[in-house]
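Just below is one structure, and these are the notes that go with it.
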Amino acid sequence: MAGAYWAFSSQKRIERIHNSHIANMILFFVWVSYCCLIVDAKMGHILHCIGILLGIVCIWHCYDSVYLFLSKNVLNANIYSYSFFIYLTHEPLLTIVKKTSLMLVDNDSMVAIFIIYILSPILVIRICISIGQIMKSKIPSIYSFITGRR
């Protein structure tokens, strides 16, 4: 309730900060720097939770800027049509990719774990889009059934 009150009572201030590309870039840099520092230092649970909260705020602020930039690209508009298929299929594949990748690297290397954490979703999304494109062109009736004609 406090968050909703703060959001509605200071909406103009939030929109001004939210739409500032420079502030968003600074926030993103602070978040990535913070994550790198706590990954290398193997800090405690509280610092990890602070990093998660900072990441949520960073993504919330940066999303509109990135979306406006990416939505101008026609290639990305085609990819957006697979968003529901990605939602349906990403979890099992993401778990497989992460676990397989973690078996291939030294589990004591926090940097390697961080890189897997960043790159695994990108790989999984690309795989899901490829599977979706193949299914949509080769077996459209099954693709349509799986996605509920979305």
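In what follows, every heavy atom counts, from backbone to side chain, and hydrogens, waters and symmetry copies are set aside.
- When the side-chain contact (heavy atoms from CB on, under 4.5 Å) test is applied to F29, the partners found at least two apart in sequence or on another chain are S33.
- The hydrophobic clustering, which links ILVMFWY residues whose side-chain heavy atoms are closer than 4.5 Å, places Y87 and I131 together.
- For T95, the side chain to side chain donor-acceptor pair (under 3.5 Å) partners two or more places apart in sequence, or in a different chain, are E91.
- A search for side-chain contact (heavy atoms from CB on, under 4.5 Å) contacts involving I134 returns K138, not counting sequence neighbours.
- For the atom pair OG (S141) and CE (M135), the distance works out to 9.0 Å, reported to the nearest 0.5 Å.
- Remark: I118 pairs with F114 by the side-chain contact (heavy atoms from CB on, under 4.5 Å) rule, at least two apart or across chains.
- Residues V111 and L119 fall within the same hydrophobic cluster, defined by Ile, Leu, Val, Met, Phe, Trp and Tyr side chains chained together at heavy-atom separations under 4.5 Å.
- The stretch residues 116-127 participates, sequence neighbours left out, in these side-chain hydrogen bond (donor to acceptor under 3.5 Å, both in side chains) pairs: R126-S130.
- The side-chain contact (heavy atoms from CB on, under 4.5 Å) test applied to S144 returns R149, not counting sequence neighbours.
- Rounding to the nearest 0.5 Å gives a distance of 12.5 Å between CZ of F85 and NE2 of H90.
- I96 and L94 are not part of a single hydrophobic cluster, where members link through side-chain heavy atoms under 4.5 Å apart.
- If you take OG1 on T100 and CD1 on I116, they are separated by 10.0 Å, rounding to the nearest 0.5 Å.
- Closest of all the heavy-atom pairs between L88 and T147 is CD1-CA, 4.2 Å.
- In terms of hydrophobic clustering, with Ile, Leu, Val, Met, Phe, Trp and Tyr side chains grouped at heavy-atom distances under 4.5 Å, I115 and I122 are assigned to a common cluster.
- For the side chain to side chain contact (heavy atoms under 4.5 Å, CB included) criterion with I86, the lone passing option out of V124, L93, I129, I127 is I129.
- In this structure, P140 and S137 approach most closely via the heavy-atom pair CD-O, 4.2 Å.
- One finds the CD atom of Q133 at 8.0 Å from the OG atom of S81 (value rounded to the nearest 0.5 Å).
- Annotation: ring pair (Phe, Tyr, Trp, His ring centres under 6.0 Å) contacts of Y82 (sequence neighbours excluded): none.
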